[in-house]
Number of protein chains: 2
Amino acid sequence: MESRDDMSPFVRKLRHGARLTEDDEAILTRLAEPLHRVERGDILPEGTEARSIVLIVEGWACRYKQLENGQRQITSFFVPGDLCEPFGAVPALTDHTLSALTPVRLARVAPHAARSAAGASSRVEEALWWDLLLADAIGREHMVNLGRRSAVERLGHFFCEMHLRLEMVGLVDQSSYDIPLTQAELADLFGLSAVHVNRSLQELRGSGFLSLRDRRITIHNVGALRELSMFDPAYLSLQHRVRT
Amino acid sequence: MESRDDMSPFVRKLRHGARLTEDDEAILTRLAEPLHRVERGDILPEGTEARSIVLIVEGWACRYKQLENGQRQITSFFVPGDLCEPFGAVPALTDHTLSALTPVRLARVAPHAARSAAGASSRVEEALWWDLLLADAIGREHMVNLGRRSAVERLGHFFCEMHLRLEMVGLVDQSSYDIPLTQAELADLFGLSAVHVNRSLQELRGSGFLSLRDRRITIHNVGALRELSMFDPAYLSLQHRVRT
DNA sequence: CGGACTCTTGATTGCAGTCAACTAAAGTGG
DNA sequence: CCACTTTAGTTGACTGCAATCAAGAGTCCG
């Protein structure tokens, strides 16, 4: 049995969603095998038929939609431990592109495997549903970001969110973590132009909220940044309970 | 057995997601009982514990988040046949408010009931997952709307989307349907101000794309409106297939 | 009849986009 | 090994879409 720190990020993450036994964790670990490597770039282009669910084990990925007029909107980000589709997804044509933002190690989970894992243990089932609800909650918050927050607030909110998401899988050191994204990618995430992302970042740096150099961010005052960006961590900690 | 037209909107909708037998439809019909009525206003405020999943049978509802600074963002719309949460949702504190935009008739589905319906028939299971994926796809498209489309495009896209969603449950007559929303509500959906929604609507009316009076919309040229707003119906018709 | 909504219109403001130029770093190939 | 290209980040000038502020009209309702 692996030590707690060696566990896959997927298992580490799902521990937040249900009280897992060793058997449960073994089931989940088996789901995340075998590993594949992919380079930076599209993994599943739009219109491809998805026959398996991608689970990110290492690296960052995103899902985006490309518009006819050349614009792009990133709709979600994936970090180690994240499932890129709902665990019960039916094989279907994708309406979006799944893309690796860095070289990625991933596992391809067959839909029937994920469902039967849920059937094998009610705690695994709870954990998988918890993970799905978490992804939804992140998506909703992203909509609020896009619709109602200013550029600086969007950036601040995102950095707060990634801080907690990465902490769940042990990828945060103090208040700093790697963030392998270009400003253009951030722009496509926030629905802004790259130029404006640049200026907003400078504002956040200039006001002392954070440092961002060489693809690593350090948040100097988490409380202040959360207040600035109206970040309420509640949506990331959907509390779990044993099913009755 | 009810005739095809009398079926609940939920069953009508899920028929698009899987080939249901009469037994399957009976299972789904039973899920949508008994009915409750609620008046216009919040159904489940943020922070409430959701112990059941709301299914809209008649009327319109939405989910929104309220920001500290008074702004509001609607993250999703629900019309008859829509499940307001993933069907396997765990009882948990909600991070958003579910609100009735009109008087609503709804059913409260117990999570275990939804899951056991899925367990009872693989076709029902497929249909429920299809519905969940559809809701996700709608959410992604909403993000694209918020992030990358102009005000006029957002409105146009939404009208095209509702046209198809309502058609699925038989609520469209020709190219016109009831749309019981104020301009302020549309503004909170699109991340715009009510004033700007008003002006954008006038632009759409003035250019002859649609009429909107007395809470009823008529789209005069669906093709033209789709082109204007870069609406691609593909995301709403995730094709289904029998699980292997 | 007053009050609350909803819709409309005008005037002004401001956040973010676009265009453009420049630097620096990093990869590529002859 | 060094031109050449590409990518990422930065800065300035200007533009424009949408927000804000404000006021008025029509409707519904108690």
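Please read these numbers as outputs of a predicted model, since none were measured by experiment. Throughout, a chain's letter reflects where its sequence line sits, starting with A, and its residues are numbered from 1.
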Task: Distance-only polar pair, side chains of A:Tyr64 and A:Asp42, donor-acceptor under 3.5 Å - done: yes
Task: Rounded distance in Å - CG (A:Leu181) to P (D:dT7) - done: 18 Å
Task: Contacts of type side chain to side chain donor-acceptor pair (under 3.5 Å), residue B:His220, not counting sequence neighbours - done: B:Ser211
Open item on the list: Treating primed atoms plus P, OP1 and OP2 as sugar-phosphate and everything else as base, which nucleotides of nucleotides 11-30 of chain D get B, S or - for protein heavy atoms under 4.0 Å?
Closed with: BBB----BSBB---------
Task: Any residue meeting ring pair (Phe, Tyr, Trp, His ring centres under 6.0 Å) with B:Phe78, in chain and number order, not counting sequence neighbours - done: none
- [ ] Pick base, sugar-phosphate or nothing for A:Arg213, based on heavy-atom distances below 4.0 Å to the nucleic acid.
- [x] nothing
Open item on the list: What is the first contacted nucleotide of DNA chain C and what is the last, in 5' to 3' order, if contact means an atom lying under 4.0 angstrom from a heavy atom of chain A?
Closed with: C:dA16 to C:dC19
- [ ] Provide the full list of side-chain hydrogen bond (donor to acceptor under 3.5 Å, both in side chains) pairs with a residue in residues 169-178 of chain A, sequence neighbours left out, each pair given once.
- [x] A:Ser176-A:Arg216, A:Asp178-A:Arg216
Task: Pairwise side-chain hydrogen bond (donor to acceptor under 3.5 Å, both in side chains) hits with a residue in residues 225-234 of chain B, at least two apart - done: none
Task: Of all pairs that satisfy salt bridge (Lys or Arg N to Asp or Glu O under 4.0 Å), the ones with a partner from residues 53-67 of chain A, not counting sequence neighbours - done: A:Glu58-A:Arg105, A:Lys65-A:Asp95, A:Lys65-B:Glu141
- [ ] Mind jotting down which residue pairs meet the salt bridge (Lys or Arg N to Asp or Glu O under 4.0 Å) criterion with at least one end in residues 190-211 of chain A? Sequence neighbours excluded, please.
- [x] none
Open item on the list: Applying ring pair (Phe, Tyr, Trp, His ring centres under 6.0 Å), can you list everything that pairs with A:Phe87, at least two apart in sequence or on another chain?
Closed with: A:Trp129, B:Trp129
Task: Test ring pair (Phe, Tyr, Trp, His ring centres under 6.0 Å) applied to A:Phe190 - qualifying residues, sequence neighbours left out - done: A:Phe158
TODO: Using the salt bridge (Lys or Arg N to Asp or Glu O under 4.0 Å) rule, collect all pairs that involve residues 186-195 of chain A, keeping only residues at least two apart or in two chains.
DONE: A:Arg72-A:Asp188, A:Asp188-B:Arg148
- [ ] Could you tell me the separation between the CG atom of A:Asp188 and the P atom of D:dT7, rounded to a whole number of Å?
- [x] 15 Å
TODO: Can you pull out how bent the helix from C:dC1-D:dG30 to C:dG30-D:dC1 is, comparing the axes over its first five and last five pairs, to 10°?
DONE: 40°
